[in-house]
Amino acid sequence: KKGGTTRDRLASYNLTAGTVDATWNPNIDAGVLALAISGSTVYAGGGFTTVNGGTTRNYLAAFNLTDGTASSWDPNANDAVYSLAISGSTVYAGGGFTTVNGGTTRNYFAAFNLTDGTASSWDPNANSTVFALAISGITVYAGGDFTNIANNGRTYFAGVNDPVALPVELTSFSAFVKNNSVILNWNTATEVNNYGFEIERASVEKGPAPSLRWEKLGFVPGHGNSN
């Protein structure tokens, strides 16, 4: 509770004045232990089972940034979530759960589609609780109580690769010819540890066995970690 404004377990504040957002109110029934943001959506994990005053969301939920209404995203874990991380179109969760999506086995560590919460095939299969997550490139780093993860002995800390976790998610890409140049335009939804974009072009080397020859034309800096 901030002053006279009630907010149950999750609230939004103005960065300048520290005042509570008058409209954003997810209204959750138990503790929120992890948060992550992608685009216009806030993802939350914790010990809760209902949000918005009565909508069932077991331990994981997603809310719009406008008023805190829960989206249809519903991974439906069977126990608490302690950590979240996002890369591209994937949400990674660590916690005390052993099943997700209402019955799919995922021991303490799972990856979900950003759109509908369906678990991916990626399954590190930790042998105990995961409390912390961080991502760099295609590697997801985890900390917790485990001593085995991805069929390897790892005591409390490990890095697990996910080939699907691309560091950059494009929302658009276009190319057009102007005079004697090709103009490239692109937009990204997310960038994870992205140093930048190398621009190359290919030319055909003629001969008995024609082949492509690539050459670097330029470099556009990335935004590191951004949404």
Side-chain angles (χ1 to χ4, degrees), residues 12-16 21 23-24 34-44 62-69 71-73 75 83-93 109-124 132-142 150 158-227:
S12 173
Y13 296 88
N14 181 286
L15 278 175
T16 304
D21 188 316
T23 58
W24 199 77
L35 293 173
I37 294 177
S38 179
S40 60
T41 303
V42 180
Y43 295 84
F63 307 94
N64 72 47
L65 285 176
T66 305
D67 61 8
T69 298
S71 75
S72 59
W73 192 78
S83 54
L84 292 173
I86 293 175
S87 178
S89 59
T90 303
V91 181
Y92 297 88
F109 202 179
F112 305 97
N113 183 290
L114 267 179
T115 305
D116 60 11
T118 300
S120 77
S121 59
W122 188 75
D123 183 13
L133 295 175
I135 298 174
S136 179
I138 65 168
T139 303
V140 185
Y141 295 92
V160 184
N161 286 348
D162 183 358
V164 178
L166 298 177
V168 175
E169 180 186 10
L170 290 175
T171 57
S172 65
F173 185 91
S174 64
F176 64 92
V177 177
K178 183 177 181 180
N179 299 324
N180 292 320
S181 299
V182 176
I183 308 300
L184 305 177
N185 290 300
W186 67 88
N187 289 294
T188 64
T190 59
E191 297 182 31
V192 179
N193 197 28
N194 180 31
Y195 178 64
F197 304 87
E198 190 170 281
I199 311 302
E200 298 185 356
R201 73 175 175 187
S203 57
V204 178
E205 292 189 332
K206 298 180 180 180
S211 61
L212 289 178
R213 181 175 66 86
W214 289 91
E215 61 178 318
K216 179 180 176 179
L217 298 180
F219 180 82
V220 177
H223 293 284
N225 295 290
S226 66
N227 290 302

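The structure presented is a predicted model; accordingly, all values stated were derived computationally and were not measured.
Considering every non-hydrogen atom in both Lys216 and Glu200, the closest pair reads CA-CG, 4.0 Å. For Ile86 against Ala36, the heavy-atom pair with the smallest separation is CD1-CB, 3.7 Å. Considering all non-hydrogen atoms of both residues, Tyr141 and Ser136 come closest at CE1-CB, 4.0 Å. Residue Val160 comes nearest to Ala150 through the heavy atom pair CG1-CB, 4.3 Å, listed as atom of the first residue, atom of the second, then distance. For Ala44 against Leu84, the heavy-atom pair with the smallest separation is C-CD1, 3.7 Å. The minimum heavy-atom distance linking Phe112 with Pro75 is given by the pair CE2-CB, 3.5 Å.
For the pair Leu114 and Ser38, the minimum side-chain heavy-atom distance is below 4.5 Å. Side-chain atoms of Ile135 and Leu133, non-hydrogen and from C-beta on, never get closer than 4.5 Å to each other. Counting heavy atoms from C-beta outward, Phe197 and Thr188 have side chains that approach closer than 4.5 Å. For the pair Val91/Trp73, a side-chain contact is recorded, criterion being any heavy-atom separation below 4.5 Å from C-beta on.
Side-chain contact annotation: Ser121 with Asp123, donor-acceptor N/O pair under 3.5 Å absent.
In terms of the side chain to side chain contact (heavy atoms under 4.5 Å, CB included) criterion, residue partners of Thr115 (sequence neighbours excluded) are, by chain and number, Asn113. Residues satisfying the side-chain hydrogen bond (donor to acceptor under 3.5 Å, both in side chains) criterion with Asn187, sequence neighbours excluded, are Ser172.
Rounded to the nearest 0.5 angstrom, Ile199 CD1 and Phe219 CZ are separated by 9.0 Å.
Under the 3.5 Å distance criterion, the side-chain polar atoms of Trp24 are left unmatched by any main-chain donor or acceptor of Tyr13. Side chain of Asn179 to backbone of Ser181: no donor-acceptor contact under 3.5 angstrom is found.
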